[in-house]
**Student:** 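Once you've had a glance at the structure underneath, I'll fire off some questions.
Every chain is numbered from 1, with letters handed out A, B, ... down the list of sequences.
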Amino acid sequence: MSNIRNVGEMVEPNHDEYNRQRFVSILRKKVLMDFAGDMKTIYQKKVEPNFEKKHGRKPKDGREVRKAMLHEPVFEGWSSLRYNAQLMTWWSVQPAIERDLSDLIQAAKDAKAANPTGGSLELNPDVDVPREITELDVHLMPGCFHTEYTDDDVAQGAVYHYGTTVFSGGLPHRRITKGGVASSIANYLKLAHPEFKPKRILDMGCTAGANTTPYKEVYPEAEVHGIDVGAPLLRFGHARAEAEGAALHFRQANATDTGYPDNHFDFITSSFFFHEVSVPDTKKIFKECLRILKPGGLMLHMELPPSALTDPYYNFYLDWDAFYNNEPHYEKFRGLDFPEALAECGFEKDKQLMVRIPNFASTPPDEFKAVATGGDTMRRDHGNGAVWFTFGSWK
Amino acid sequence: MSDKTVNLPLRAKGKRATFYKDPAVDQLFAIVTMLTQELSVAFDRIETVERMLDKNGVISRADIEAYKPGEQEESERTQRRDEYIGRVFNILHQEAASLRDS
């Protein structure tokens with residue numbers, strides 16, 4: 001253990017700030033579970049039957065459901081509440097971070113200077129931050145992933161780290177730990193492909209590294225790398241990893257052009273990344289993955305399920321973020337034909353895979369193992385972290 | 001520690017979403033939601049004071065700021081907030097409830 005202060009645990013909200021955060025967590029739970037259930041009831045009992053009467057059929061896609069729902073009072077009220085809760089998530093953590101920022105920056109510098117685990121942080125100010133990030137604050141997070149307000153800034157890393165804790169703090173499946181996606185994928189791979197022992201792992205769009213760390217825990221012998229365009233997130237992620245004893249290698253790079261040599265990684269992954277990326281860039285990234293992946297290596301990304309695999313109401317529900325959460329590529333990404341898009345970028349169809357992985361921390365071990373080794377992985381929905389949709393290919 | 005050097009922005013870049021025909025309703029919704037949060041926090045502060053008075057008899061502001069609810073108390077507060085939000089925003093639930101009854 002090191003005696004470096006952990007940037008991930010340092011920020012101390014005062015009494016009222018803490019309780020604002022708790023309020024937002026519970027508000028989000030009410031919105032995403034209780035009121036979302038009410039909205040679905042109204043759709044099923046009123047909106048869909050009315051649509052059928054008028055058109056002689058059910059809505060064929062999420063867009064049609066959206067059109068029918070748009071002026072329903074429940075949709076207006078639910079959306080307003082969800083939208084405000086999203087903004088309030090970030091606002092609830094900002095004041096304490098502002099107050100502690102100098103300390104956080106110092107702790108991050110100390111972590112970099114001491115670097116006890118031998119991880120690394122390589123920043124490159126020449127990296128082009130894509131327009132969809134500089135022009136729109138993704139997730140309505142003011143300042144987005146990249147903005148720097150002062151030298152060696154970690155503020156946005158802290159807002160993201162502490163904010164996401166508030167974000168999922170009321171959801172029963174998500175309470176247990178950060179890095180739920182990666183711990184689920186890593187533990188799944190270990191059970192489903194015990195012969196696969198990746199030596200070099202890359203997490204693309206790693207933000208502050210919450211979903212990078214679990215790979216080092218499950219594959220301690222592996223060299224684990226994370227890339228992102230946002231410098232404050234990388235600084236924060238590296239400092240947190242060093243304080244927690246995880247040797248991770250963070251580098252500022254764009255996934256479309258990583259700069260790594262050919263055939264470099266055994267395993268390439270990402271979580272909740274591609275839906276923030278335009279379709280042309282998504283394809284560039286698939287090609288880049290193919291280039292830097294070793295023959296016999298695996299690429300497996302966690303994402304929202306494609307709209308072809310989910311029903312029209314669920315597509316309407318998921319695609320809310322495309323319209324209101326500053327995630328403009330979300331709906332187009334989900335509309336992709338995943339096998340075709342991967343094949344177009346050079347991944348052979350018979351080597352591709354799509355797997356729904358249960359959330360490791362909230363699934364009983366026997367059930368998790370049965371899913372990992374038994375094969376029936378497509379039966380459950382993506383929903384509040386109960387199960388993660390993944391797709392990719394062997395090379 | 002009040003060496004605050006940076007003011008983080010409150011506004012998210014991009015067009016602010018509206019859900020109602022009259023954007024004033026959207027603004028009012030934002031205000032009501034924020035007020036609901038502040039009242040919830042005031043409840044929490046009263047609860048903290050009450051619990052500390054029960055336990056210690058005398059308390060200071062610093063004690064209140066430093067107060068951390070235990071797990072059991074936090075889950076009681078969570079339950080209270082959950083029911084409270086349900087009451088304040090009950091209007092969102094009413095139509096579904098009547099459809100379920102019919």
**Student:** Side chain, backbone, both or neither: which part of E17(A) has a non-hydrogen atom closer than 4.5 Å to chain B?
**Tutor:**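 Contact with chain B is absent: no heavy atom of E17(A) under 4.5 Å.
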**Student:** Under 3.5 Å, is there a donor-acceptor pair between the side chain of Y83(A) and the main chain of A17(B)?
**Tutor:**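 Judged by distance alone, yes, a pair lies under 3.5 Å.
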**Student:** So, E98(A) side chain and L8(B) main chain: donor-acceptor pair closer than 3.5 Å or not?
**Tutor:**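 Yes, E98(A) side chain to L8(B) backbone: donor-acceptor pair under 3.5 Å.
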**Student:** Checking the side chain of E76(A) only, and the main-chain atoms of Y20(B) only, is there a donor and an acceptor separated by less than 3.5 Å?
**Tutor:** no
**Student:** Return a table of donor-acceptor pairs under 3.5 angstrom between the side chains of residues 47-54 of chain A and protein atoms on other chains or two or more places apart.
**Tutor:**
unit_1	atom_1	unit_2	atom_2	d
E48(A)	OE1	K58(A)	NZ	3.4
E48(A)	OE2	Y43(A)	OH	3.3
N50(A)	ND2	K46(A)	O	3.4

**Student:** Which members of residues 68-76 of chain B, sorted by number, sit under 4.5 angstrom from chain A on a heavy-atom basis?
**Tutor:** K68(B), P69(B), E74(B)
**Student:** Would you mind checking which part of Y18(A) comes under 4.5 Å of any heavy atom in chain B, side chain (CB onward), backbone (N, CA, C, O), both or neither?
**Tutor:** side chain
**Student:** By a 4.5 Å heavy-atom criterion (distance strictly below it), what part of N14(A) contacts chain B: side chain, backbone, both, or neither?
**Tutor:**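 Both parts, heavy atoms under 4.5 Å.
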**Student:** Tell me if a side-chain donor or acceptor on W91(A) pairs with a main-chain N or O of L10(B) at a distance below 3.5 Å.
**Tutor:** yes
**Student:** Check R11(B) with D137(A), please: is the shortest side-chain N to carboxylate O separation under 4.0 Å?
**Tutor:**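 Answer for the salt bridge query: no.
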**Student:** Using non-hydrogen atoms only, which part of L87(A) is less than 4.5 Å away from chain B: side chain, backbone, both, or neither?
**Tutor:**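 Interface part for L87(A): side chain.
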**Student:** Given that the side chain runs from C-beta out, which part of V159(A) has a heavy atom under 4.5 Å from chain B: side chain, backbone, both or neither?
**Tutor:**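 Contact with chain B involves the side chain of V159(A) alone.
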**Student:** Please state whether the rings of F19(B) and W320(A) are parallel, tilted or perpendicular, taking 30° and 60° as the class boundaries.
**Tutor:** parallel
**Student:** What verdict does the salt bridge (charged side-chain N to carboxylate O under 4.0 Å, His left out) test give for R22(A) and D44(B), after you've listed the backbone C-alpha separation in whole Å, the side-chain angles of each residue and the deciding distance to 0.1 Å?
**Tutor:** CA-CA 10 Å; R22(A) 291 300 300 153; D44(B) 282 306; over 6 Å; no
**Student:** Go through the atoms of S25(A) and report whether side chain, backbone, both or neither lie under 4.5 Å from a heavy atom of chain B.
**Tutor:** neither
**Student:** Using modelled atom types and a 3.5 Å cut-off, is there a donor and acceptor pairing between side-chain atoms of N326(A) and backbone atoms of K13(B)?
**Tutor:**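 A pair under 3.5 Å: yes.
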**Student:** Strictly distance-based, threshold 3.5 Å: is any side-chain N or O of E95(B) a donor or acceptor partner for the main-chain N or O of D38(A)?
**Tutor:**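 Between the backbone of D38(A) and the side chain of E95(B) there is no qualifying donor-acceptor contact (under 3.5 Å).
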